[in-house]
There are 2 protein chains.
Amino acid sequence: MINELKSVPEPTLRRLPVYLHYLKDIYKAGKSEVSTTNIAGELKLDPTQVRKDLAYTGIAGKPKVGYDVEVLISTIEDFLNWNNLTDAFLVGVGNLGMAILGYNGFKKYGLNIIAAFDNDPAKIGREIHNVPVLPIEKLSDLIKRMHIHIGILTVPATEAQKITALMIQGGIEAIWNFAPASLKVPEEIVVENAGFTTSLAVLTRKLAEKLK
Amino acid sequence: MINELKSVPEPTLRRLPVYLHYLKDIYKAGKSEVSTTNIAGELKLDPTQVRKDLAYTGIAGKPKVGYDVEVLISTIEDFLNWNNLTDAFLVGVGNLGMAILGYNGFKKYGLNIIAAFDNDPAKIGREIHNVPVLPIEKLSDLIKRMHIHIGILTVPATEAQKITALMIQGGIEAIWNFAPASLKVPEEIVVENAGFTTSLAVLTRKLAEKLK
DNA sequence: TAGATTGTTAATCGATTAACAATC
DNA sequence: TAGATTGTTAATCGATTAACAATC
């Protein structure tokens with residue numbers, strides 16, 4: 001089992017980027033070492049939890065001192081594979097799709113969107129923020145030919161399953177799903193649901209609870 | 001403790017919108033009754049879990065039959081307070097902010113964005129998708145005067161804490177935070193982090209684990 | 001050295017899953 | 001009625017938190 005990457009609890013995965021942002025902040029502010037006591041205090045978490053999370057990345061700290069901020073940053077980035085650019089396709093050039101294409105920052109997170117797809121003739125052939133928009137018909141074939149692993153799904157819910165099928169047909173490995181719909185996929189396909197409504201449900205219910 | 005709303009586990013809150021989308025699908029398809037066995041099978045969850053989740057909303061099912069789809073839909077919507085429109089302000093009219101303003105569908109989730117704020121003179125005074133863009137300077141005061149409860153934060157990470165402070169100064173109750181940054185807020189403020197990077201971390205790591 | 005911190009094992013807590021009586 | 005399903009209690013599982021020896 002040599003090259004096997006250990007499966008990490010999802011709560012841990014969700015906290016790692018939070019640490020990362022904080023670490024980058026204090027690094028910019030000139031701090032070169034940091035303790036889990038420190039991180040936990042700032043982010044309102046348990047220090048032991050922070051230590052356990054960091055342990056997953058394989059980094060070692062120094063008793064009494066803490067962790068080297070710069071090393072810690074790049075260790076987390078390596079762990080999330082954010083130091084390697086991975087090519088991705090985006091499908092659905094609507095409001096959200098365009099916003100994602102326009103946000104230049106995904107390269108910092110290892111994501112390189114190299115083409116977008118839509119079925120609107122007015123959009124096909126154009127470039128949005130330097131990314132060409134191609135017809136849906138070419139999706140499957142290009143995924144296959146270019147060995148694309150990540151598909152970003154920003155189509156309306158009604159189209160989501162259809163496009164998913166095309167992606168899978170092409171051999172996609174992972175789908176970042178922004179549509180408010182549950183995708184049916186074979187077990188081996190990684191799906192991460194990033195639809196806004198889940199998050200909004202938490203917000204609106206907590207607010208309702210708060211306001212009695 | 002009469003009017004006290006019971007605090008619901010967050011995992012349950014996150015599943016409720018998933019049920020809701022599925023229920024709307026089958027309702028459109030003409031189904032009027034549904035069992036938890038059915039829902040769970042379709043969404044790859046445990047039937048007992050679905051029953052427990054639904055129990056939080058207070059709905060009652062019929063042994064042997066299941067639940068009335070139409071009633072179930074509106075019960076979940078009520079539970080999340082999605083049947084009442086709540087006014088909200090959005091701050092940060094960049095790519096993402098504009099996409100959110102352009103997405104007409106939030107009214108279905110009880111969210112009514114009535115004004116946007118930015119510090120770019122080129123944007124101030126315009127209307128984006130019928131929502132007026134106002135200067136940041138007016139944010140605190142208008143939150144207070146209009147009794148706004150929800151603030152949507154779509155500014156760059158560097159500005160996030162500053163704008164948060166202004167929102168709190170105005171008396172905001174809940175912040176929907178799309179910036180990749182941890183906000184420091186008093187305990188009583190509801191913050192829901194919807195930044196993309198958390199979700200992306202899960203995707204990229206799982207993909208890395210899968211591809212060995 | 002003394003004291004703060006790491007790294008790890010044990011205890012606790014909460015959510016998921018299993019079991020099953022009640023029901024229509 | 002028989003059989004599927006609800007609603008709930010008990011068992012299990014996994015994540016969080018507490019405790020503490022090792023370390024620099």
Side-chain angles (χ1 to χ4, degrees), chain A residues 6-19 22-23 26 31-73 75-76 79 182 198 201-202 205-206 209, chain B residues 6-19 22-23 26 31-73 75-76 79 182 198 201-202 205-206 209:
Chain A
K6 217 172 66 176
S7 167
V8 185
E10 231 182 88
T12 294
L13 283 181
R14 295 187 178 277
R15 281 187 297 265
L16 287 175
V18 179
Y19 301 150
Y22 173 68
L23 292 166
I26 63 171
K31 286 195 79 178
S32 61
E33 272 151 349
V34 69
S35 72
T36 53
T37 324
N38 196 310
I39 297 173
E42 208 61 32
L43 303 176
K44 300 206 178 140
L45 298 169
D46 186 282
T48 304
Q49 183 170 70
V50 178
R51 245 169 283 146
K52 279 223 166 128
D53 287 343
L54 297 186
Y56 278 106
T57 70
I59 198 173
K62 290 202 193 94
K64 170 154 167 121
V65 179
Y67 301 78
D68 184 285
V69 176
E70 197 171 2
V71 174
L72 193 43
I73 288 172
T75 303
I76 294 176
F79 188 75
S182 292
T198 302
V202 178
R205 174 64 196 185
K206 284 192 178 168
E209 287 176 5
Chain B
K6 214 170 69 175
S7 167
V8 185
E10 229 181 89
T12 295
L13 283 181
R14 295 186 178 279
R15 282 188 297 268
L16 287 175
V18 179
Y19 301 150
Y22 173 67
L23 292 167
I26 63 171
K31 286 195 77 177
S32 60
E33 269 150 352
V34 69
S35 72
T36 55
T37 323
N38 196 308
I39 297 174
E42 208 61 33
L43 303 176
K44 299 204 180 143
L45 297 169
D46 186 281
T48 304
Q49 182 171 72
V50 178
R51 246 169 283 146
K52 277 223 167 130
D53 286 343
L54 297 185
Y56 277 105
T57 69
I59 197 173
K62 289 204 195 91
K64 168 156 169 121
V65 178
Y67 300 79
D68 183 285
V69 176
E70 197 171 2
V71 174
L72 192 43
I73 288 173
T75 302
I76 294 176
F79 188 74
S182 292
T198 301
V202 178
R205 173 66 196 184
K206 284 193 178 167
E209 286 175 6

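Heavy-atom basis, side chains included; hydrogens, waters and symmetry copies ignored. Everything numeric in this text was worked out from a predicted model, so none of it was measured.
Dashed line: the shortest gap from a side-chain N or O of A:T36 to OP1 or OP2 of C:dT6 is under 4.0 Å.
Residue B:K62 is in sugar-phosphate contact alone, with no base atom involved, counting any heavy-atom pair closer than 4.0 Å across all strands shown. Backbone-only engagement by A:S35 is indicated by non-hydrogen atom pairs under 4.0 Å involving sugar-phosphate atoms exclusively. Within 4.0 Å (heavy atoms only), B:A55 reaches no atom of the nucleic acid at all.
We find that CD of A:E10 is positioned 12 Å from P of D:dT16, with the value rounded to whole Å. Atom CG in B:L13 sits roughly 16 Å away from atom P in C:dG14 (whole-Å rounding). What separates OH of A:Y67 from C1' of D:dC24 is a distance of 14 Å, to the nearest Å. Atoms CG (B:L54) and P (D:dT5) sit 15 Å apart, rounded to a whole Å. Atom CG of A:D53 is separated from atom P of D:dT17 by 11 Å (rounded to the nearest Å). Look at CZ on A:R14: it is 13 Å from P on D:dA15, rounded to the nearest Å. One atom, CG of A:L45, and another, P of D:dA15, lie 16 Å apart when rounded to the nearest Å. Between A:R51 atom CZ and D:dA22 atom C1' there is a gap of 13 Å when expressed in whole angstrom units.
With a cut-off of 3.5 Å on both Watson-Crick or G-U wobble distances, the partner of D:dG14 is given as C:dC13. Both distances falling under 3.5 Å, in either a Watson-Crick or a G-U wobble arrangement, place C:dC24 opposite D:dG3.
Judged by closest nucleotide on DNA chain D, B:T37 is the one of B:T37 and A:D46 placed further toward the 5' end.
With B:Y19 as reference, B:L45 is the one residue of B:T36, B:I73, B:L45 to meet the side-chain contact (heavy atoms from CB on, under 4.5 Å) rule.
When the nucleotides C:dT23, C:dG7, D:dT16 are ranked by their closest atom to the side chain of A:Q49, D:dT16 comes out on top. Considering only side-chain atoms of A:K52, the nucleotide from C:dT6, C:dT8, D:dT8 that sits closest is C:dT8.
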